[in-house]
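This report refers to the structure that appears directly beneath it.
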Amino acid sequence: MITARSAGYGAGTGLAGDNGAMTSVNEEVAALLREYAELLGLTGGDLFRVRSYEKAAKAVGGYPDDLGALPESALTKVPGVGKSVAAKIAEYRRTGTIKAVDDLRAKVPPGALVLAKVPGVGPRRALQIAGELGVTRVDELAEAVQSGRLRGMAGFGPKAEERILRGIAVADSDTALRDALRALARDATVDDIGAVLAAHVTVAGGDAAKHGTAAGEALIRIADIRGDLHTHTDLTDGIVSLEGMIAAAEARGYAYYAVTDHAPNLVMQRMTSEKMLAQRDQLRALADTTGMVLLHGSELNIAADGSVDWDEDFLSGFDICVASIHSSFEQDRATMTKRFIAAVENPAVNIIGHPLTRKVGRRPPVDVDLDALYAACARTGTALEVNASPDRMDLPPEHIAAARRAGVRFAIDTDAHSLVDLTNLRFGIAAARFGGLTPADVINAWPLGELLEFLRKGRPPR
DNA sequence: GCCGTTTTCGGCCCGACTGTTTTCAGTCG
């Protein structure tokens, strides 16, 4: 049977692919739907249709129950799954393949799908490279760049070459960690994940196993976490409703829970002030239905100059704000450091989300003066996030101990976009333990009162 | 292709940035 794994993914530097332990129907179907979306994009399919499959892939991958066991008639109950996708899922359950995917694979030059995932190479250029140069693997692409074979091709200049080589280098350097994380069983424990980090994460000038913690301190555990402070709903790019996320959080036993959907400057999310206020009303109305304390927040965008989406007045209406970089990743260190510090000094900003914006195997960390960032966070009472997504691992585990020594506090958050994502907390806990964090270091391990005090950043109570 | 309907078709993930152009195509979040 042809699965995403056997379709040429995972070859070469591992830029693309799912060569880890793909054990569930949900994950296998999600991979095939994602591939189908990519193939549709590559072959010039309707962009809305492409997005439908992307969304369906997310919905299937983030669905908490086993799709292999769901009655066929219930498949369309999964949000984002309509008649067409349901039929493909059913076909996969019967035959182990999806014919439409196989058919499209045959229409795309070999390798184009893999090349399209190299940073700086999109679908158009992947087709161009595969078609004109016959390049089918990432290592061949690197070789082609180095030997000057991209020179003279329309649309490629020295900067593009540089960017491609950089992207390949990131993939190479992260391959072992990424593959080890993906190879983990679905129910991997904190200790399992910790073993992967111990094996694959290098700390500059230190013993990774015990560089953070003083003797006698108890390292943080999953059970210490009292709430998630960075989560999304289907108001932006999450796939689950506000009610659905809250119910799942409550089932995890949290005492508090923050909803932090994207802010307007991430234009594609189409957020508006009105939508945000309406969500706030909706969330306040749900307060009586849950034993948790609900916090209304947003994931703000740190613009190139360090400013964020709303003015002081509007921002003061939030209970909590995460602020993250989603653009201009390649600023020089001085500019980037100034940018971070401006955000950290903003009285409304409580947590810097996925601080270095790295994606394992996909995007390098930004260039920032870490010591200056840590000092500013410690001074202003701004937490750094330990983003628990295994695709991010950010703040990278190797930096956590140093940040702790500088007096930084942390928030271990899932950045959940689905119900399944909420279970990623264990990756963040493993990273935190790797860095020697104790409950005292982690604001979402604190009782509500202490958390709220931290969130005020020294401002008078509202 | 999915969704939500004024229930059968229109809306949906837009626009900044970059490098390569000579007026814009491709990529990205």
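Per chain, numbering begins at 1; letters A, B, ... match sequence-line order.
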Checklist entry - Which pairs count as ring-ring contact (aromatic ring centres under 6.0 Å, His included) when at least one residue sits in residues 319-357 of chain A, sequence neighbours excluded? => result A:H262-A:H326, A:H326-A:H354

Checklist entry - Which part of the nucleic acid, if any, lies within contact of A:F329, taking any heavy atom under 4.0 Å across all strands shown: a base, the sugar-phosphate backbone alone, or nothing? => result sugar-phosphate

Next on the checklist: Heavy atoms only, 4.0 Å cut-off, all strands: where does A:S327 land among base, sugar-phosphate and nothing?
Outcome noted: nothing

Item to check | Residues in salt bridge (Lys or Arg N to Asp or Glu O under 4.0 Å) contact with A:R392, at least two apart in sequence or another chain | outcome: A:D415

Item to check | Pairing residues for A:K275 by the salt bridge (Lys or Arg N to Asp or Glu O under 4.0 Å) criterion, not counting sequence neighbours | outcome: none

Checklist entry - Reading nucleotides 3-14 of chain B 5' to 3', which nucleotides get B (base under 4.0 Å from a protein heavy atom), which S (sugar-phosphate only), which -? => result S--------BBS

Checklist entry - Which one, B:dC2, B:dG29, B:dG26, comes nearest to the side chain of A:V85? => result B:dC2

What is the distance from [atom1] of [X] to [atom2] of [N], rounded to the nearest Å?
| X | N | atom1 | atom2 | value |
| --- | --- | --- | --- | --- |
| A:R392 | B:dG29 | CZ | P | 9 Å |
| A:H417 | B:dG29 | NE2 | C1' | 11 Å |
| A:H326 | B:dT27 | NE2 | C1' | 17 Å |
| A:Q331 | B:dA16 | CD | C1' | 13 Å |
| A:D237 | B:dC28 | CG | C1' | 14 Å |
| A:L42 | B:dG26 | CG | C1' | 14 Å |
| A:Y36 | B:dC2 | OH | C1' | 15 Å |
| A:D309 | B:dG29 | CG | C1' | 13 Å |

In whole Å, measure the gap between the [atom1] atoms of [N] and [M] for me.
| N | M | atom1 | answer |
| --- | --- | --- | --- |
| B:dT23 | B:dT18 | P | 22 Å |
| B:dT27 | B:dT21 | P | 14 Å |
| B:dC9 | B:dC24 | C1' | 34 Å |
| B:dC2 | B:dT8 | C1' | 14 Å |
| B:dG10 | B:dC17 | P | 35 Å |
| B:dC13 | B:dG1 | C1' | 15 Å |

Item to check | B:dT8: pairing nucleotide in any strand, Watson-Crick or G-U under 3.5 angstrom | outcome: none

Item to check | Ionic contact status for A:D319 with A:R284, cut-off 4.0 Å | outcome: yes

Item to check | Salt-bridge criterion met for A:E140 and A:R137 (N-O under 4.0 Å) | outcome: yes

Item to check | Sequence-distant partners of A:H230, ring-ring contact (aromatic ring centres under 6.0 Å, His included), two or more places apart | outcome: A:H232

Checklist entry - What residues form a ring-ring contact (aromatic ring centres under 6.0 Å, His included) with A:Y256, not counting sequence neighbours? => result none

At a cut-off of 3.5 Å, list every protein nitrogen or oxygen paired with a nitrogen or oxygen from nucleotides 18-20 of chain B, distance to 0.1 Å.
from, atom 1, to, atom 2, distance (Å)
B:dT20, OP1, A:G157, N, 2.5
B:dT20, OP1, A:G157, O, 3.1
B:dT20, OP1, A:P158, N, 3.3

Sequence neighbours excluded and cut-off under 3.5 Å, please list the side-chain donor-acceptor pairs for residues 63-85 of chain A, or say none.
from, atom 1, to, atom 2, distance (Å)
A:D66, OD1, A:G68, N, 2.8
A:S84, OG, A:Y53, OH, 3.4
A:S84, OG, A:K88, NZ, 3.2

Item to check | B:dT8, syn or anti by chi within 90 degrees of zero | outcome: syn

Next on the checklist: The criterion is side chain to side chain contact (heavy atoms under 4.5 Å, CB included); which residues satisfy it with A:D391, sequence neighbours excluded?
Outcome noted: A:R182, A:S389

Checklist entry - Would you say A:T414's side chain and A:T423's backbone share a donor-acceptor pair under 3.5 angstrom? => result no

